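Structure record follows, encoded as structure tokens.
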Amino acid sequence: MLNRIEEWIDLTNEKFSCHRKSCALFARDFAGFYSEEFLSNSYFVIVDSIPKPELSELRQTGLGDFLDMEVQGITYKNTYYIVPSVAQNLRLHFHELVHVAQWRTLGTTGFLQRYISEVQSFTYDEAPLEKLAYAFDHHFSQGGKIFDVPSYVENEILQTL
């Protein structure tokens with residue numbers, strides 16, 4: 001199943017590649033939180049409808065609610081997709097970039113296995129990878145102290161393996 005999901009992700013990212021925008025646009029806003037190199041290798045796409053894989057195996061594993069959930073953004077590897085109504089929302093961009101850091105740290109298979117397991121075990125709202133992204137976007141939106149997000153994510157994830 002994970003191979004089919006990754007194939008779908010790669011096809012989706014390829015399909016939208018000409019619409020990608022570099023997150024280097026946020027270098028000034030996210031200075032200190034994300035390096036310019038990290039942002040230059042991260043992308044976003046504004047879409048009318050968030051792409052999600054329609055694979056029967058995902059529904060069979062109990063992820064139907066997650067697939068049917070209305071979201072404003074979703075991350076696949078180094079690219080995230082957002083709807084137009086939140087395109088200017090820095091907090092949402094910050095949140096999705098946390099997920100980009102998680103994908104980089106865990107790799108595709110590791111991220112998919114962990115994310116699916118967490119949503120199945122805890123629900124979306126309580127999944128540790130999501131809770132971390134929400135905690136960090138809240139910290140950013142409240143003007144919290146600057147720290148290197150990708151390094152923190154890597155250390156946090158490595159401690160829990």
Side-chain angles (χ1 to χ4, degrees), residues 1-13 15-16 20-21 23 26 30 33-34 38-39 42-142 144 147 149-161:
M1 175 179 71
L2 296 179
N3 287 339
R4 289 195 60 212
I5 297 170
E6 184 172 13
E7 286 173 15
W8 179 90
I9 288 169
D10 289 342
L11 286 172
T12 300
N13 284 346
K15 175 183 171 184
F16 287 98
R20 291 188 326 173
K21 296 180 182 175
C23 292
F26 306 116
F30 297 157
F33 287 106
Y34 298 103
F38 180 90
L39 293 172
S42 303
Y43 306 92
F44 69 97
V45 181
I46 300 169
V47 292
D48 291 327
S49 178
I50 298 294
K52 294 183 188 175
E54 273 305 322
L55 302 173
S56 59
E57 301 99 313
L58 287 171
R59 291 195 181 278
Q60 291 166 3
T61 61
L63 295 173
D65 287 347
F66 173 75
L67 291 172
D68 296 335
M69 184 171 61
E70 289 291 322
V71 295
Q72 296 177 321
I74 198 163
T75 303
Y76 299 125
K77 297 184 176 185
N78 70 339
T79 303
Y80 59 92
Y81 297 82
I82 58 174
V83 294
S85 63
V86 295
Q88 302 302 315
N89 185 326
L90 285 177
R91 182 174 178 171
L92 184 89
H93 286 278
F94 195 95
H95 178 102
E96 297 304 330
L97 284 164
V98 174
H99 290 312
V100 170
Q102 293 168 340
W103 278 90
R104 286 188 184 176
T105 298
L106 290 166
T108 300
T109 301
F111 181 87
L112 290 171
Q113 286 175 328
R114 183 163 173 176
Y115 196 88
I116 289 168
S117 173
E118 288 183 4
V119 170
Q120 289 171 323
S121 301
F122 301 104
T123 74
Y124 169 82
D125 291 330
E126 294 300 317
L129 290 173
E130 279 301 334
K131 287 180 75 170
L132 186 66
Y134 280 111
F136 285 3
D137 77 46
H138 177 76
H139 177 86
F140 168 75
S141 72
Q142 297 300 305
F147 65 98
V149 173
S151 293
Y152 189 96
V153 165
E154 184 175 348
N155 291 335
E156 185 77 15
I157 286 174
L158 293 176
Q159 288 177 11
T160 61
L161 293 178

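Just so you know, these numbers come straight off a predicted model, no measurement behind them.
Between F33 and F140, the ring planes are perpendicular. Angles over 60° get that label, and only those under 30° would be called parallel.
Side-chain contact between N13 and Y81 is present, with at least one heavy-atom pair separated by less than 4.5 Å.
The shortest heavy-atom contact between A101 and P150 is CB-CA, 4.0 Å. Taking all atoms of both residues into account, the shortest heavy-atom contact from V100 to N78 is CG1-CA, 4.0 Å. Among all heavy-atom pairs drawn from P84 and D48, the shortest one is CG-OD1, 3.9 Å. Taking all atoms of both residues into account, the shortest heavy-atom contact from P53 to L67 is O-CD2, 3.6 Å. Minimum heavy-atom separation, L97 to C23: CD2-SG, 3.9 Å. P128 and F122 get closest at one heavy-atom pair: CD-CD1, 3.6 Å.
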(request) Dump the intermediate steps for side chain to side chain contact (heavy atoms under 4.5 Å, CB included) on I116 and L2, then the final yes or no. (result) CA-CA 10 Å; I116 289 168; L2 296 179; 4.1 Å; yes
(message) Run Q72 and I82 through side chain to side chain contact (heavy atoms under 4.5 Å, CB included) and show every step you take.
(response) CA-CA 6 Å; Q72 296 177 321; I82 58 174; over 6 Å; no
(request) Give the intermediate values and the outcome of side chain to side chain contact (heavy atoms under 4.5 Å, CB included) for residues D137 and V98. (result) CA-CA 8 Å; D137 77 46; V98 174; over 6 Å; no
(message) Is there a ring pair (Phe, Tyr, Trp, His ring centres under 6.0 Å) between F26 and F44? Walk through the geometry before answering.
(response) CA-CA 11 Å; F26 306 116; F44 69 97; 5.6 Å; yes
(message) I'd like to know whether F30 forms a ring pair (Phe, Tyr, Trp, His ring centres under 6.0 Å) with H93, so could you lay out the CA-CA distance, the side-chain angles of the two residues, the decisive distance to 0.1 Å, and finally the verdict.
(response) CA-CA 10 Å; F30 297 157; H93 286 278; 7.4 Å; no
(message) Assess the residue pair R59 and D68 against the criterion (side chain to side chain contact (heavy atoms under 4.5 Å, CB included)); give the C-alpha distance rounded to whole Å, side-chain angles, the decisive distance to 0.1 Å, and a yes or no.
(response) CA-CA 10 Å; R59 291 195 181 278; D68 296 335; 2.7 Å; yes
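There is a side-chain donor-acceptor pair under 3.5 Å between E130 and Y115. Residues E96 and H99 bring no donor and acceptor atom of their side chains to less than 3.5 Å of each other.
The line from OG1 of T79 to CZ of R20 is 4.5 Å long, rounded to the nearest 0.5 Å. Distance check, rounded to the nearest 0.5 Å: CD of Q142 to CZ of R91 gives 7.0 Å. Note that CE of M69 is 7.0 Å distant from CG of D125, once rounded to the nearest 0.5 Å. Separating the CG atom in D65 from the CD atom in Q120 is a distance of 12.0 Å, to the nearest 0.5 Å. Taken from OG1 in T105 to CD1 in I157, the straight-line distance is 5.0 Å, to the nearest 0.5 Å.
Of the residues listed (F16, W8, Y43), the one engaging Y76 in a ring-ring contact (aromatic ring centres under 6.0 Å, His included) is W8, and it is the only one. The ring-ring contact (aromatic ring centres under 6.0 Å, His included) with H95 is formed by just one residue from the set Y80, Y134, F136; it is Y134.
In this structure, the side chain of S117 does not engage the main chain of R114 through any donor-acceptor pair within 3.5 Å. Formation of a donor-acceptor pair under 3.5 Å by the E118 side chain with backbone atoms of L129 is found in this model. Without hydrogens or angle criteria, E6 side chain to T108 main chain gives no donor-acceptor distance under 3.5 Å. No donor-acceptor pair under 3.5 Å is formed between the side chain of K21 and the backbone N or O of I46. Counting only distance, with no hydrogens or angles, the side chain of T61 and the backbone of L58 share a donor-acceptor pair below 3.5 Å.
Taking the charged nitrogens against the carboxylate oxygens, K77 and D10 do have a contact shorter than 4.0 Å, which makes a salt bridge.
Within a 6.0 Å radius of CG in N155, more than 12 heavy atoms belonging to other residues, nucleotides or ligands are found. The local environment of CD in E54 is crowded, with over 12 non-hydrogen atoms from other residues, nucleotides or ligands closer than 6.0 Å.
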